[in-house]
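Heads up, the thing below is written out as structure tokens.
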Number of protein chains: 2
Amino acid sequence: MSDKEPSKVLVVDDDPQIARALRINLSARGYQVVTAHDGTAALKAVAETRPDVVVLDLGLPDLDGVEVIEGLRGWNKVPIIVLSARDDSTDKVQALDAGADDYVTKPFGMDELLARLRAAVRRSGLSAADADAQVETASFTIDLAAKKVRRDGAEVHLTKTEWRLMELLVRNRGRLVTQKQLLHEVWGPSYDTESHYLRVYVAQLRRKLEPEPSRPRHLLTEPGMGYRFEP
Amino acid sequence: MSDKEPSKVLVVDDDPQIARALRINLSARGYQVVTAHDGTAALKAVAETRPDVVVLDLGLPDLDGVEVIEGLRGWNKVPIIVLSARDDSTDKVQALDAGADDYVTKPFGMDELLARLRAAVRRSGLSAADADAQVETASFTIDLAAKKVRRDGAEVHLTKTEWRLMELLVRNRGRLVTQKQLLHEVWGPSYDTESHYLRVYVAQLRRKLEPEPSRPRHLLTEPGMGYRFEP
DNA sequence: ACCGTGCGTCAAGGCGGCGTCAACAGACCT
DNA sequence: AGGTCTGTTGACGCCGCCTTGACGCACGGT
């Protein structure tokens with residue numbers, strides 16, 4: 001996965017008590033917290049800080065809750081979790097139909113709110129998190145998601161075993177990967193000593209990808225230990 | 001937008017009273033309703049009918065609710081709204097962390113449930129319906145929204161299974177899609193190894209769409225791994 | 001110098017996966 | 001009931017990939 005960074009939460013609440021409680025609890029769970037105390041500040045804060053999720057208390061001093069939601073949804077699709085003291089059904093329906101993702105009534109359990117937060121982040125995360133894996137070298141590029149390798153614009157075909165080996169090396173780029181580890185992951189636990197396989201397949205990869213296969217610049221041998229991929 | 005068709009809802013509840021009430025209310029709102037009365041039937045029903053959203057009552061006779069959620073999340077990302085009589089915080093957290101999208105406690109207002117349903121469908125809709133529902137190749141065009149394929153102006157009919165396979169490949173255009181992934185999404189989680197299906201159906205698609213079926217230019221095989229659609 | 005070890009290269013099978021054809025059962029329509 | 005369409009399953013030939021062996025080479029130790 002790509003994101004080790006903590007999720008950023010925008011907490012919108014005019015009650016300093018609740019805002020403070022949320023900040024403490026969320027920070028303790030590793031979230032990065034930004035706060036806003038009214039609707040206009042909330043809209044501004046979203047534009048500026050780009051949070052991963054918004055916790056929005058209804059009953060703000062300046063704007064109606066639904067207005068805030070609509071103001072956000074006009075241009076942004078960040079998940080919104082609404083907090084409200086009112087358990088009225090119409091309020092919920094209005095907020096949800098305006099574009100809120102969830103609606104929690106006060107008093108609420110912090111555990112529950114955190115779980116709903118995780119759910120919201122998880123949902124929005126998996127759609128966006130795909131686009132990472134693209135590794136480049138001087139002579140070829142590797143797309144881990146598409147399982148494609150291009151060299152001088154033309155696509156190079158790798159077989160299943162070639163790809164498994166290549167992927168393992170690329171995912172550990174810059175680091176040495178031992179023979180045992182490579183054999184283990186590509187061929188299985190019972191091939192730990194068949195280092196001949198490695199020689200054959202590394203040679204094939206070099207022949208397909210290195211500009212000068214006999215003088216490898218990216219798929220390097222560490223004699224007696226293993227192999228290393230250098231971007 | 002894409003969906004004029006009604007959303008399909010799978011209602012999972014062992015209490016015939018509630019199941020009936022939900023069916024009536026949802027049908028009245030224009031939803032297409034499918035029901036299952038226990039967990040195993042629910043898992044099967046998802047694989048077969050491909051609902052747009054699942055309403056899952058906890059406390060089923062055969063499986064624990066969390067088991068059902070995990071069984072689904074293993075291979076499918078359809079939104080799940082949990083219904084439960086228990087207002088316990090730990091239950092909510094467990095269900096949400098297992099992969100549920102929302103949690104509603106009984107007794108619930110039908111208006112609220114409907115609003116939460118709309119919210120769930122809306123969310124999953126915008127990530128899936130990524131605007132460009134029209135994909136072209138040199139020899140045929142695919143309209144994902146209209147579920148139609150045209151070749152040389154004339155429309156080509158695809159069967160249900162053919163279409164599911166094609167759609168999955170097209171939505172991942174350019175990327176390699178694993179055999180397991182294809183079998184999972186098209187035939188269901190228990191067909192992991194039936195790669196023969198893939199060969200038969202890919203062959204049919206090629207026969208219908210490729211100018212030279214024995215020399216495919218768009219539906220490409222990656223031996224040992226899977227298939228890839230290249231526009 | 002000699003030998004051993006580890007690495008790189010090449011080529012020759014064996015076999016598993018793939019494509020294809022075809023038969024069959026069940027669903028659906030008329 | 002009859003017919004068509006679809007999904008499932010089996011048989012079979014073929015190609016390509018994995019495996020395996022042989023050999024040359026570089027390096028270091030004795």
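These numbers were taken from a predicted model, which means no experiment stands behind them. Throughout, a chain's letter reflects where its sequence line sits, starting with A, and its residues are numbered from 1.
- No donor-acceptor pair closer than 3.5 Å links the side chain of D152(A) to the backbone N or O of A154(A).
- Among dC17(D), dG19(C), dT8(D), the nucleotide with an atom closest to any side-chain atom of Y201(B) is dT8(D).
- Distance from the side chain of S214(A) is smallest to dT9(C) among dC18(C), dT6(D), dT9(C).
- Counting non-hydrogen atoms under 4.0 angstrom, Q204(A) reaches nothing in the nucleic acid.
- Nearest nucleotide to the side chain of A203(B), out of dT20(C), dC18(C), dC17(D): dT20(C).
- Only one option out of L168(A), V170(A), L176(A) pairs with F229(A) in a side chain to side chain contact (heavy atoms under 4.5 Å, CB included); it is V170(A).
- Checking dC18(C), dG8(C), dC18(D) against the side-chain heavy atoms of Y227(B) singles out dC18(C) as nearest.
- Here Y191(B) lies out of heavy-atom contact (under 4.0 Å) with every strand.
- If K160(B) and H196(A) are placed on DNA chain D by their nearest nucleotide, the residue sitting closer to the 5' end is K160(B).
- Taking only side-chain atoms of V200(B), from C-beta outward, the nucleotide of dT19(D), dT8(D), dC18(C) with the closest atom is dT8(D).
- Taking the six-membered ring for Trp, H218(A) and F140(A) have ring centres closer than 6.0 Å.
- Within the 3.5 Å criterion, the main-chain N or O of S139(A) finds a donor-acceptor partner in the side chain of T137(A).
- When distances are taken from the side chain of R206(A) to each of dC17(D), dG19(C), dG8(C), the shortest belongs to dG8(C).
- Relative to the side chain of Y197(B), the nucleotides dT8(D), dG19(C), dC17(D) differ in distance, and dT8(D) lies closest.
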